[in-house]
There are 2 protein chains.
Amino acid sequence: MSTRRATIADVARSAGVSPSTASVVFSGKTPVSDATRRRVMDAAATLGYSGPDPRAASLRRGRSGIVGVVFQGPLGTAFLDPVIRLMMDGLADAVAPIDAGLLLLREGVEGDSPGASLTTAPIDAAVLVGCTPGMADSLATLRARGIPVVVVEGDAGPDVPRVILDNREAQRSLASHLRSLGHTDVALVTLPTSGQSDPGWIDERRRHEITVDVTRHRLDGVRDVYPDAPAYAATASSIDAGLAAGRAILGDAQQRPTAVLAQSDLLAAGVLRAAAECGLTVPDDLSVTGFDGIDVDGLAPSLLTTMVQPATEKGRAAGEAVVAMLAERDAPSVCFSSVFREGNTTAPPLGS
Amino acid sequence: MSTRRATIADVARSAGVSPSTASVVFSGKTPVSDATRRRVMDAAATLGYSGPDPRAASLRRGRSGIVGVVFQGPLGTAFLDPVIRLMMDGLADAVAPIDAGLLLLREGVEGDSPGASLTTAPIDAAVLVGCTPGMADSLATLRARGIPVVVVEGDAGPDVPRVILDNREAQRSLASHLRSLGHTDVALVTLPTSGQSDPGWIDERRRHEITVDVTRHRLDGVRDVYPDAPAYAATASSIDAGLAAGRAILGDAQQRPTAVLAQSDLLAAGVLRAAAECGLTVPDDLSVTGFDGIDVDGLAPSLLTTMVQPATEKGRAAGEAVVAMLAERDAPSVCFSSVFREGNTTAPPLGS
DNA sequence: TTGTAAGCGTTATCAT
DNA sequence: ATGATAACGCTTACAA
């Protein structure tokens with residue numbers, strides 16, 4: 001019993017066939033006689049050979065079968081967002097046909113690159129998630145390596161296929177819905193305005209410092225209808241962050257809006273809670289809208305009036321773009337539409 | 001301008017050095033004179049060479065720098081569990097020093113293996129998450145490939161390092177707490193009893209079909225104190241599943257327990273909601289305990305009485321085990337202890 | 001259907 | 001500090 005693992009050459013020799021034949025038995029790329037196949041498999045079993053070494057195969061093929069998924073924050077944080085989770089499912093689905101795995105990558109930490117994964121990961125393609133401050137760097141790195149990239153919910157220039165949502169229009173629909181109900185005094189809760197941002201009212205200055213596309217576009221959508229609606233930025237897309245924002249918005253009984261537009265369902269759930277704290281009945285005293293159309297665990301029987309976005313589809317589209325690019329085909333950018341869903345959290349303002 | 005990408009040999013030639021020297025400039029494994037380094041870097045820049053091809057490097061080195069993380073269900077579902085998310089963070093942390101990436105892998109689908117990722121992924125080690133039905137198969141595959149494995153919350157036999165929790169003892173602490181408060185009539189809500197299971201009461205037969213270690217051990221912990229406590233199995237660890245279970249348990253006003261032990265905080269949050277539906281005040285009319293000690297988004301101001309488990313630490317330990325094994329060192333199994341935390345959801349039963 | 005041969009791009013070892 | 005050389009284990013034209 002030798003110390004080194006058997007190679008396909010060993011198997012071939014032991015089976016009395018050529019290495020190429022043995023290779024083909026495993027890859028199935030060429031017909032092989034049953035007798036030969038059996039001999040090879042037997043030899044493999046005997047030698048404890050469990051198939052071609054993926055490292056060698058990927059060098060030879062020029063492909064690793066791995067797609068990188070690049071996030072900015074801690075992984076656990078990224079997956080807090082239900083939309084991201086759904087997207088991952090769609091992505092996994094779409095790359096399954098080419099048998100690709102998903103490698104979790106964190107965007108280069110600022111300054112140095114200690115664990116320079118982006119520069120050394122054996123990936124065939126990459127999916128950039130979200131429009132992040134470091135995206136430009138990541139993109140440059142990837143491009144230098146000649147690795148195809150697709151961006152989800154971000155803008156990486158004309159040459160990079162993107163998968164996006166009609167954020168502005170969708171958010172505008174929600175605002176229009178409120179206006180048609182008769183609301184004139186609304187406020188909004190936005191997603192974080194930058195990678196690292198404090199909660200608080202968005203003034204003119206801060207308005208111009210919004211680096212997160214999604215946040216800006218949805219804000220614009222509201223402003224299309226309510227140009228002067230005050231906006232409060234949350235620190236994350238979570239119920240707790242929404243609760244905090246809701247308290248800030250609803251705290252002053254003298255100066256309460258009749259409706260709050262939250263930029264995500266999770267935030268809206270928090271606003272709902274804040275409303276309850278303030279003794280407000282939704283939708284009678286206050287209307288609340290969300291965004292995403294996910295199932296917020298534990299929110300029932302409330303059903304948010306929201307825009308349902310095809311999150312899984314977005315991931316699938318990104319995956320399909322990757323597959324296309326790896327097949328040397330063109331990958332078009334795609335923009336998905338969100339669908340209005342009326343729940344039980346919106347109604348005409350009191351006294352209208 | 002040739003069509004093929006520059007290799008390290010091209011760079012070396014262009015810089016007037018040997019390939020080995022150029023290689024060393026990039027790997028930093030051996031001192032190189034400043035002048036030489038500069039020449040090589042310049043040549044690389046000129047040729048658009050962005051560093052060694054990871055595929056070739058990994059073949060040569062015998063290492064890919066990738067650690068596989070094996071789940072059973074859809075990725076998005078796995079990440080629903082906050083404990084898993086935290087574990088991923090710890091894991092990512094622990095493998096960062098060896099600059100390893102995390103590859104998401106799904107346990108072989110039943111029967112055939114269409115996208116046979118486990119058999120062909122270029123991974124140096126693998127982390128199996130949870131005790132799943134298919135674990136034995138995955139393990140066999142990995143073992144045949146000679147890939148080191150560590151299991152989190154599962155049992156893969158004596159040779160496989162494991163990272164586990166004192167589930168039974170921890171759950172027993174909670175039960176003891178309730179007993180010491182005076183509760184004699186308790187019920188419990190368990191995690192799913194198998195990969196695919198319906199919700200419902202656990203009878204003697206089903207009791208023996210529990211394939212999920214965590215579920216069984218925590219159940220045992222309760223039974224150590226309350227041998228006859230009825231148990232209701234949830235379909236998932238979520239607020240909604242806990243709500244459903246809570247309704248089943250609390251629905252009959254004539255036959256209500258005075259306390260419910262849920263096997264996860266999310267489930268407990270659902271039970272809390274069910275209690276509210278039934279008009280019960282917690283903890284006066286009903287005591288509820290959780291398990292995990294996570295921050296349930298939106299649960300405040302309720303604070304569950306629960307066992308706080310070091311989820312991130314578990315991931316870190318798994319990562320450290322991987323690092324050890326890759327360094328040919330022994331990786332010990334570790335068992336973490338959970339810490340009792342008294343919240344505001346438990347109290348003596350009414351009239352005691 | 002099977003065999004021959006030529007790399008894929010690196011890096012480790014051992015000299016110098 | 002640098003260079004020559006030999007693998008690493010596999011796949012795929014192409015030939016037979």
Side-chain angles (χ1 to χ4, degrees), chain A residues 2-41 43-44 47-65 119-124 145-147, chain B residues 2-41 43-44 47-65 119-124 145-147:
Chain A
S2 103
T3 175
R4 124 188 173 295
R5 292 193 78 76
T7 72
I8 204 173
D10 299 328
V11 172
R13 194 174 319 117
S14 158
V17 302
S18 76
S20 54
T21 300
S23 172
V24 156
V25 167
F26 285 100
S27 74
K29 293 220 168 194
T30 290
V32 180
S33 80
D34 274 1
T36 307
R37 185 198 327 285
R38 160 164 265 103
R39 288 227 311 291
V40 171
M41 290 313 244
L47 296 179
Y49 179 80
S50 57
D53 179 333
R55 288 178 290 255
S58 75
L59 169 58
R60 179 58 237 236
R61 292 200 160 112
R63 285 273 163 85
S64 65
T119 64
T120 60
I123 54 179
D124 296 337
R145 289 183 59 188
I147 292 176
Chain B
S2 103
T3 175
R4 130 188 169 293
R5 289 194 82 74
T7 73
I8 205 173
D10 299 327
V11 172
R13 193 174 320 116
S14 158
V17 302
S18 75
S20 42
T21 300
S23 172
V24 156
V25 165
F26 285 101
S27 74
K29 292 218 166 193
T30 291
V32 180
S33 79
D34 274 3
T36 306
R37 183 194 331 282
R38 160 163 267 106
R39 289 227 309 292
V40 170
M41 290 312 244
L47 296 179
Y49 178 80
S50 57
D53 179 332
R55 287 177 289 255
S58 75
L59 169 57
R60 181 57 240 230
R61 291 195 157 117
R63 285 275 161 83
S64 65
T119 66
T120 60
I123 55 178
D124 296 337
R145 289 183 60 187
I147 292 176

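Chain identifiers are assigned alphabetically (A, B, ...) following the order of the sequence lines, protein sequences preceding nucleic acid strands; residue numbering begins at 1 within each chain.
- When all heavy atoms of B/Arg63 and B/Ser58 are compared, the closest pair comes out as O-CB, 2.7 Å.
- Contacts of B/Thr30 with the nucleic acid, taken as non-hydrogen atoms under 4.0 Å apart, include base atoms.
- Scanning both residues, A/Thr120 and B/Pro54, for their nearest heavy atoms gives O-CB, 3.2 Å.
- Atoms CG (A/Leu47) and C1' (D/dG9) sit 15 Å apart, rounded to a whole Å.
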Worksheet item: Taking it one step at a time, do A/Arg37 and A/Val17 satisfy side chain to side chain contact (heavy atoms under 4.5 Å, CB included)?
Response: CA-CA 10 Å; A/Arg37 185 198 327 285; A/Val17 302; over 6 Å; no

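- Qualifying side-chain contact (heavy atoms from CB on, under 4.5 Å) partners for A/Asp10, counting only residues two or more places apart in sequence or in other chains: A/Arg4, A/Ala6, A/Thr7, A/Arg13, A/Leu47.
- Put simply, CZ on A/Arg39 is 15 Å from P on C/dT1, counting in whole angstrom units.
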Practice prompt. Do nucleotides 4-13 of chain C as a string where each nucleotide becomes B, S or -: B if the base has a protein heavy atom under 4.0 Å, S if just the sugar-phosphate does, - if no protein is that close.
Written response: B-BBBBBBB-

Fill in: Verdict with reasoning, A/Met41 to A/Phe26, per side chain to side chain contact (heavy atoms under 4.5 Å, CB included)
CA-CA 9 Å; A/Met41 290 313 244; A/Phe26 285 100; 4.2 Å; yes

